[in-house]
Peer 1: 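First the structure, then my questions, so here it is.
Computed from heavy atoms alone, side chains included, the values below leave out hydrogens, waters and symmetry copies.
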Amino acid sequence: MAELLQVRNLKKYYPVKSGVLQRTTGYVKAVDDVSFTLHEGESLGLVGESGCGKSTLGRTVLQLIKPTAGEVVYDDKNLSDLSFREMKPYRKELQMIFQDPYASLNSRKKISNIVTEPLRIHKISTIKEREEKMEEILEKVGLNRAFADRYPHEFSGGQRQRIGIARALMLNPKLIIADEPVSALDVSIQAQVLNLLQDLQEEFNLTYLFIAHDLSVVKHISTRVGVMYLGRMAELAPKNALYKEPLHPYTQALMSAVPVPNPLIKRERIILKGDVPSPQNPPSGCAFHTRCSACMAICKEQRPELKEVQKDHFVACHLY
Amino acid sequence: MEPVIQNQEIPSIKPKQKAKQGPWGMAWKVFKKDKAAVAGLILLAIMMVAMALAPFLPFADPNEVDLTNRLKPVGTEGHVLGTDHLGRDMLSRIIYGGRVSIIVGIIAVTIALVIGSALGLIAGYFRNFYDTVIMRFMDILMAFPYVLLAIAIIAALGPGLMNTMIAVSIVGIPYYARIVRGSTLSFREMEFVLAERALGAGHLHIIFHHILPNCLPPIIVAVSLDVGWMILAAAGMSFLGLGAQPPLAEWGVMLSEGQEFIRVAPHVSLLPGFAIFLVVLALNLVGDGLRDALDPKSK
Amino acid sequence: NDSSSGSSGGSAEEKNNLIIGLEAEPTSLDAHQISDYNSSRAAMEIYDQLVQFKDESTELEPDLAEKWDVSDDGLEYTFHLKKDVKFHDGTPLNAEAVKFSIERQTDPNHPFHDTGTYAYAEFTFGQVASVEAVDEHTVKITLTEPFAPFLGNMAMHAASIVSPAAVEEHGADFTKNPVGTGPYKFTSWSPGVEIILEKNDEYFKGAPSVEQLIFKPITEAQTRLAELEAGNIDVMVNIPPDDLERLRGNEDITMNEQAGMHVWWTAFNTQRAPFDNVKVRQAVNYAINKEAIVDGILQGSGEIANSPLPPTVWGHNPNVTNYDFDLEKAKELLAEAGHPDGFKVTYWVPESGSGMQQPQAMAAAIQSDLAKIGVEVEIQTLEWGAYLDKVFVPADQNDMDMHQMSWIGDNGDPDNFLYILFSGAQWPTAGFNDSYYKNEEVDELLAKARVTKDKAERTKMYEEAQEIIMSEAPWIVVDHEKQIIATSSRVKDFKLHPTGVFRFANVNIE
Amino acid sequence: MASYILRRLFGLVPVLFGVTVLVFSIMHLSPGDPAKIILGPKATEASIAKLNTQLGLDQPLHTQYITWIGNVFQGDWGRSIQMKMEVLPLVAERFTATFILTLASIIIASVFGIGAGIISAYKKYSWLDRSMMFMVLIGFCLPVFWLGLLLQIVFGLNLDWLPISGMYSAGQDGFWDMIRHLILPAIALSAGAGAIIARMTRSSMVEVFSQDYIRTARSKGLKEKNVVLIHALKNAFIPVLTVIGMQIGFLLAGAVLVEMVFAWPGIGTLMVNGILARDFPLVQGVILFVATTYVAINLLIDILYAIFDPRISYK
Amino acid sequence: MTALLEVKDLEIKFRKDKEMISTVGEISFAVNEGEMLGIVGESGCGKSVTSLAIMGLLPKEMSQIGRNSDILFNGTSLTKLSDADYRRVRGKDISMIFQDPMTSLNPVLTIGYQMKEMILAHEKVSKRECWTRSVEMLKKVGIPRAEQIMDEYPHQLSGGMRQRVMIAIALTLQPKLLIADEPTTALDVTIQAQILDLIKEIQRESNTAVILITHDLGVVAEVCDRVVVMYAGKVVEEAPVKELFVDPKHPYTKGLLGSMPTLINDQNRLNAIPGSVPLPEEMPQGCRFAPRCSQAMPHCYTAEPPLVSLGNSHATSCWLYDKEEQKYG
Ligand SMILES: Nc1ncnc2c1ncn2[C@@H]1O[C@H](COP(=O)(O)OP(=O)(O)OP(=O)(O)O)[C@@H](O)[C@H]1O
Ligand SMILES: Nc1ncnc2c1ncn2[C@@H]1O[C@H](COP(=O)(O)OP(=O)(O)OP(=O)(O)O)[C@@H](O)[C@H]1O
Ligand SMILES: [Mg+2]
Ligand SMILES: [Mg+2]
């Protein structure tokens with residue numbers, strides 16, 4: 001598969017200000033040296049607990065937030081070097097679906113307005129063509145075109161998420177970054193949206209960077225999965241390899257914590273001690289060592305690099 | 001490929017199927033249901049019509065001085081609402097005064113609103129340097145006693161309605177800037193704004209099409225009170241002797257002139273006061289109704 | 001501590017004091033720096049002058065000076081001071097103190113010149129060439145030119161004699177630590193609250209009977225009125241005209257009225273069309289119903305004027321051309337002047353101002369009157385400070401057609417009205433001739449009257465001048481404001497003075 | 001916290017600097033000449049020029065500003081042109097009166113406003129709520145000078161319960177005497193602010209009543225009194241506090257009208273007369289005083305936030 | 001076992017414009033002493049309002065309980081209690097944990113205050129004792145540094161900690177019934193596992209009955225004894241937990257199970273239930289699930305199915321299982 005986008009050593013540090021003059025005294029290392037490649041047509045799932053930097057990663061890739069360091073290479077261009085204006089043509093190809101189906105639609109705009117907005121912004125096609133395109137796409141995502149004259153609040157969460165998806169599809173993008181697109185939805189609706197995303201991927205040969213915190217969802221939709229912990233990639237592997245044999249102790253704990261809807265299966269659960277540490281001052285060495293049951297002396301001092309321990313299976317842990 | 005959703009959803013939208021309507025048409029539909037707001041609108045409409053048509057209606061000349069008929073009480077024959085200290089007919093002065101006062105209120109609020117909102121939007125949206133500079137300047141204006149600001153402006157430009165209006169509207173600017181900046185700061189972090197940026201929308205587009213409309217509700221509430229406030233502030237200026245030019249009837253001037261006769265003829269100041277109250281009341285009712293009506297959720 | 005005295009105030013307790021409600025806060029108690037009524041009313045009981053006005057008139061009588069001589073050329077005035085008069089601080093009154101008091105104001109090199117700003121120095125001592133202390137009790141003042149009204153000036157507040165020792169001690173703060181020789185001495189001043197004066201038991205004309213004078217600034221007329229009616233203040237100034245009637249019917253209150261040395265007018269710009277035409281000016285004069293203004297708006301608190309010089313000042317001519325209300329005549333004159341259908345003019349009016357009475361209401365009345373003869377008047381209002389700036393400009397810069405103004409004579413001399421207001425030499429910015437009136441004959445009469453010693457002769461000249469002026473109608477002269485002071489009825493022997501200054505030395509309280 | 005306060009104090013410098021520049025420019029650039037006003041229409045040109053030199057007004061504007069601001073820093077605020085007194089002690093004394101009046105009215109406005117707001121919010125959409133909000137509108141619309149005169153006539157003159165005007169009875173200066181004098185003007189001044197506070201309290205309380213933690217508090221079996229006055233009010237108070245802060249500024253400046261009506265010896269009349277007489281040092285001094293107080297009060301309010309809202313930490 | 005709480009024909013109506021619209025329609029279920037009952041269902045199906053109705057906390061001016069409805073607690077009817085009596089039940093006999101620990105604690109009051117007021121509202125005890133009991137409780141739910149945390153504010157704690165505090169508060173007075181309304185939805189999986197463990201442990205220890213409301217069937221499977229499945233304001237199925245997962249009866253329950261991606265089995269496509277939950281004001285006639293049901297019969301669109309007992313304390317409300325209906329069908 002061809003490489004579509006490369007992320008190299010991406011970092012995003014949010015400054016923390018304090019002191020009399022509000023000098024920057026520290027940083028929240030929301031994304032700390034993350035690299036990966038996206039291949040055309042694949043979907044890379046990204047999981048991790050709340051606050052580990054998933055959204056920040058997604059947003060920096062799209063240059064919605066300027067990265068502190070690192071490169072995002074697309075179409076042989078480093079996107080981070082582009083200005084706000086120069087970035088505009090690329091935005092047609094790189095789209096985003098947001099986590100919150102309520103907040104991501106302007107509640108004062110009609111659906112027709114929201115969905116045709118991308119065409120208007122890029123000054124593509126006539127008003128009539130826009131209407132046609134809108135109807136076509138609405139149909140694709142399973143919305144009746146009679147809905148076009150309504151406001152977002154008249155829709156259920158699942159329907160709104162479809163509207164968000166429709167908006168992202170309007171410009172025929174190549175890559176869609178989906179930031180927890182189903183987290184706010186009920187299971188039955190979640191299933192509809194996941195199916196829809198899969199269908200669309202097939203039809204348009206889309207590439208997904210799919211962010212979620214639910215391992216089962218990620219497993220369902222992705223071909224490869226990355227596990228993040230405190231701004232770093234802990235493990236990155238093809239789906240089957242990862243779920244069959246998770247290597248990182250964190251991935252193992254995460255998997256065992258997912259409740260399984262089958263009361264007959266009694267699993268050995270790894271219950272992690274304590275909370276996720278603050279990203280403002282992450283533990284030294286391996287960020288996970290404070291909660292890790294296999295913690296060794298070296299873990300507290302040295303930060304493990306992401307290594308390829310099996311084919312295409314990367315892990316950042318001193319155990320390997 | 002097939003749409004994922006089957007037709008079952010469609011029957012459920014039937015009852016809502018309606019003719020295409022602009023947002024204002026929709027707003028009107030909601031507005032109509034709010035009895036208080038409609039009452040306010042009717043009150044406002046009656047006043048507006050009376051004022052607009054005043055020259056064609058059989059009112060006395062508001063400026064005709066009749067020193068032999070001074071300070072006649074309410075109910076005097078020929079002067080339903082009595083006369084003022086120059087024997088002018090109160091009823092027609094209230095009507096003609098309203099024309100001026102309401103325009104003063106509206107223009108003053110508009111100036112404050114436009115400038116204040118623009119500054120608030122810039123400060124809130126672009127933050128950093130713009131925010132610091134603009135809000136510091138707003139702080140300066142706010143820390144500056146408003147009465148002085150107004151007097152000074154009037155002293156500089158000369159008294160008269162126009163300048164009073166400018167003076168009181170400048171006083172209002174920082175308040176609108178604050179309100180709008182606050183809303184802007186919170187909306188600019190909302191995902192729908194982020195979504196616009198992800199689509200490649202420019203700053204102006206985002207500001208005018210997405211942030212500003214969302215700032216409307218607090219603005220509407222503020223405006224509905226401030227029109228009254230501006231009229232009262234102008235009255236305060238008149239009390240200090242810096243208001244409209246005589247013999248122009250203007251509620252603020254009438255109110256402050258009238259207080260000299262509070263013992264002998266209270267109606268001279270009471271009536272314009274009451275008129276101001278009616279306008280504030282009506283605007284408030286309409287403002288609250290409008291705020292709800294413009295919210296697509298309130299249906 | 002008990003607060004029951006609060007609302008019932010001082011008078012109920014029958015303390016031997018007087019509470020005076022002033023219109024505004026006095027700005028200074030230093031007689032030399034006074035430029036407004038409120039200050040002079042609060043301060044003048046602290047001081048004496050060499051000469052003083054008689055009660056209820058502008059005739060002069062001795063005060064600190066026992067007697068005085070004037071040289072034949074009218075250039076040298078020699079004053080013989082009373083002996084054994086002491087300032088409140090115990091220092092003696094002597095010739096040096098008089099010299100000090102005058103030179104402090106006039107001599108920029110005087111060591112205490114920079115202890116204040118002297119608004120009236122120029123007016124009062126403009127003709128003074130030198131002051132000489134001949135001996136302990138004799139002062140000789142030399143003038144640069146003969147000047148008949150000079151003696152009257154010596155009765156004014158700027159001519160008060162202050163204690164040099166006190167000025168030396170307090171410097172610029174003398175203004176709030178005033179020391180003079182007067183019937184009352186200064187006790188305390190809490191700004192915005194009150195000024196308290198106490199009787200001077202050693203007063204050389206005998207101690208007054210009222211123990212204490214308390215001056216309170218109460219800006220709002222209705223408030224001042226309420227305080228008076230509640231019995232909390234004993235003396236009230238500036239009564240709103242419409243409340244006069246009620247007060248007159250109140251037994252607890254005595255009304256004291258007297259025509260003042262005041263005149264209120266509307267000036268025409270006589271150098272500009274259309275008011276450069278005498279007929280137009282006369283026509284407008286006939287169109288004004290002064291009676292309605294005085295009876296209606298002023299509720300009788302003014303007296304209809306027929307000459308710029310008030311009847312209370314000697315030299316007043318009651319027989320000048322009279323512009324009684326007559327619309328027909330007005331229209332006729334207007335037609336004769338070539339304006340049968342009237343014209344349009346601007347009328348400038350201040351928001352307020354000392355002596356301006358009810359500027360806006362009066363303007364509205366005049367506007368309404370003129371509308372009846374087809375003259376369309378557009379009123380323009382200005383705040384007082386800016387207004388003065390607008391009015392007093394050279395004739396070629398003046399773009400006003402009509403404007404209001406008023407004048408209060410200080411020294412009781414007709415010169416103080418007529419020369420200043422109508423002499424061609426007094427066009428702004430040199431002086432106060434705000435209508436840019438110029439008449440050779442009048443100029444000559446007024447200039448001559450200034451240097452003539454004989455009063456009868458002067459009277460004749462002034463009468464003649466008034467006649468000419470009134471026939472040419474550079475003004476609409478409307479009224480002379482009456483001084484109306486309300487006192488609580490327990491105040492006895494209170495006498496008004498045409499200069500507007502209060503005199504409490506002879507007042508008694510029941 | 002200390003460092004926060006320090007930082008905020010730093011932040012005040014440009015604001016106050018801006019205020020001085022603004023007041024200086026406004027005063028000096030508006031038409032009108034103090035010498036002419038003091039000397040009156042009778043003044044000659046020469047004497048006006050002389051006085052201008054004496055007052056230093058013949059210097060170029062920037063020189064005048066630098067001289068003035070330099071002196072202010074050294075504690076010399078100049079001498080009032082009109083009042084002839086030193087500005088600093090004069091303004092300080094008069095300002096105390098204004099401050100007392102403002103404080104009393106903001107207390108009255110807050111007590112009544114917050115009380116009415118709570119009741120209205122708790123009984124949302126009831127007739128009580130509606131009539132309360134109607135009263136609030138009336139309060140908002142009452143011109144202070146008019147209300148002031150009315151109070152004087154009714155409570156001072158006719159009923160004779162309270163003194164009509166002034167801060168003290170003639171020749172006295174007792175504390176209780178002052179309090180009695182304070183009541184009417186404070187009420188007159190508080191009407192508008194009270195109305196605004198009431199509205200803000202209502203909307204803020206309505207918002208808080210819909211929050212999850214109110215439900216939690218009720219689920220614990222707390223008495224309604226505790227739910228409303230502790231759980232709800234403490235949260236709703238924060239936006240109300242902002243409004244109170246803004247109103248203090250407004251009252252400080254707006255006290256002018258009430259002070260004139262009640263002959264209250266505050267900065268009001270001083271300021272208005274000062275402006276009208278172009279008394280530059282006096283007006284500049286008054287403004288500097290008021291502005292400093294305003295920013296200080298707002299600083300204080302920001303610090304109060306931290307007390308009411310522990311989430312705001314000024315570390 | 002005796003039923004601790006019995007909900008009988010509970011109908012809840014909300015005011016919409018001028019009408020009262022029924023959001024929860026005549027549901028019945030019971031909770032036994034010491035039992036953990038799970039209530040599952042999609043968002044908006046009425047789980048929370050049902051629990052609020054039990055607590056007597058429905059907004060009075062906006063809502064109303066059906067005339068035939070009754071809620072019996074230990075045999076006494078809660079719906080007939082006066083406000084003051086109801087207040088005494090809340091917190092003491094029945095207490096509740098809410099969904100979002102971030103918003104359910106008062107942000108401006110200390111943890112200590114929020115714990116102590118609970119005790120003081122129901123018992124006359126000294127401040128000291130309040131404090132000791134609170135600290136003890138905090139320790140019991142596994143909060144480190146309990147003494148210090150008493151003086152801290154909610155924002156200083158992480159989400160998991162806050163939820164522990166909520167649990168501690170709810171359990172302070174050892175209520176007989178604990179209602180946990182989606183107590184872990186807002187938390188991460190690793191923290192969710194901790195909290196569920198805690199609830200389970202406490203329930204076992206103190207024999208408190210628990211109603212666990214959730215939309216996650218996985219959670220139910222892991223901790224509950226019995227399950228009630230709700231759909232659009234109705235109970236559609238009720239069964240012991242194993243029964244339900246092994247042999248779900250109602251098409252909705254089946255659909256739900258089919259919609260879930262799981263770690264265990266690999267499906268290429270999920271079996272999504274088409275359509276979405278109807279709005280309360282647009283409730284379909286007959287079976288509320290019929291419009292989305294693949295097995296719907298004409299009859300389903302007109303008549304509401306009764307709750308049919310299938311033995312083994314398994315019951316469902318579907319015409320497919322109604323004996324009578326099958327006979328005719
Ligand atoms: N604008 C910002 N300024 C400062 N810190 C931020 C900002 N945005 C995010 N952070 C911090 O960066 C870290 C990562 O945030 P991010 O939103 O990327 O996490 P996430 O993995 O998407 O979490 P969630 O699952 O809750 O969405 C968090 O600790 C967050 O507090
Ligand atoms: N205060 C209220 N006013 C009007 N309707 C309400 C109110 N509270 C709840 N409802 C309605 O009652 C229905 C049930 O809501 P409820 O909160 O019980 O759902 P839920 O099952 O708890 O959903 P979730 O999983 O989202 O918490 C919803 O349709 C909701 O719209
Ligand atoms: Mg995120
Ligand atoms: Mg719920």
Peer 1: How long is the span from the CE atom in D/Met85 to the OG1 atom in C/Thr27, to the nearest 0.5 Å?
Peer 2: 8.5 Å
Peer 1: Can you tell me how far CD of C/Glu227 sits from CD1 of D/Ile164, rounded to the nearest 0.5 angstrom?
Peer 2: 4.5 Å
Peer 1: Quick one: which residue pairs count as a ring pair (Phe, Tyr, Trp, His ring centres under 6.0 Å) with a foot in residues 251-284 of chain D, not counting sequence neighbours?
Peer 2: D/His28-D/Phe280
Peer 1: Check whether C/Ile214 gets within reach of chain D through its side chain, its backbone, both or neither, counting any heavy atom under 4.5 Å.
Peer 2: side chain
Peer 1: To the nearest 0.5 Å, what is the distance between CG (D/Leu157) and CG (C/Leu228)?
Peer 2: 10.0 Å
Peer 1: Between C/Glu220 (side chain only) and D/Ala263 (backbone N and O only), is there a donor and an acceptor less than 3.5 Å apart?
Peer 2: no
Peer 1: Less than 4.5 Å to any heavy atom of chain D: does that hold for the side chain of C/Glu122, its backbone, both, or neither?
Peer 2: side chain
Peer 1: At a 4.5 Å cut-off on heavy atoms, which part of C/Glu194 comes close to chain D: side chain, backbone, both, or neither?
Peer 2: side chain
Peer 1: Pair C/Asp173, D/Arg79 - check side chain to side chain contact (heavy atoms under 4.5 Å, CB included), show working.
Peer 2: CA-CA 10 Å; C/Asp173 282 333; D/Arg79 210 168 255 278; 3.0 Å; yes
Peer 1: Salt bridge between D/Arg94 and C/Glu25, side-chain N to carboxylate O under 4.0 Å?
Peer 2: yes
Peer 1: What distance do D/Tyr168 atom OH and C/Lys216 atom NZ have between them, rounded to the nearest 0.5 Å?
Peer 2: 10.5 Å
Peer 1: Quick one: do D/Glu93 and C/Ser190 satisfy side chain to side chain contact (heavy atoms under 4.5 Å, CB included)? Show the steps, please.
Peer 2: CA-CA 9 Å; D/Glu93 183 171 348; C/Ser190 6; 4.2 Å; yes
Peer 1: Which atoms of C/Pro26 are under 4.5 Å from chain D, going by heavy atoms: the side chain, the backbone, both sets, or neither?
Peer 2: backbone
Peer 1: With a 4.5 angstrom heavy-atom cut-off, is it the side chain or the backbone of C/Pro191 that approaches chain D, or both, or neither?
Peer 2: both
Peer 1: Against chain D, label C/Thr223 side chain, backbone, both or neither, depending on which of its atoms sit under 4.5 Å from a heavy atom there.
Peer 2: both
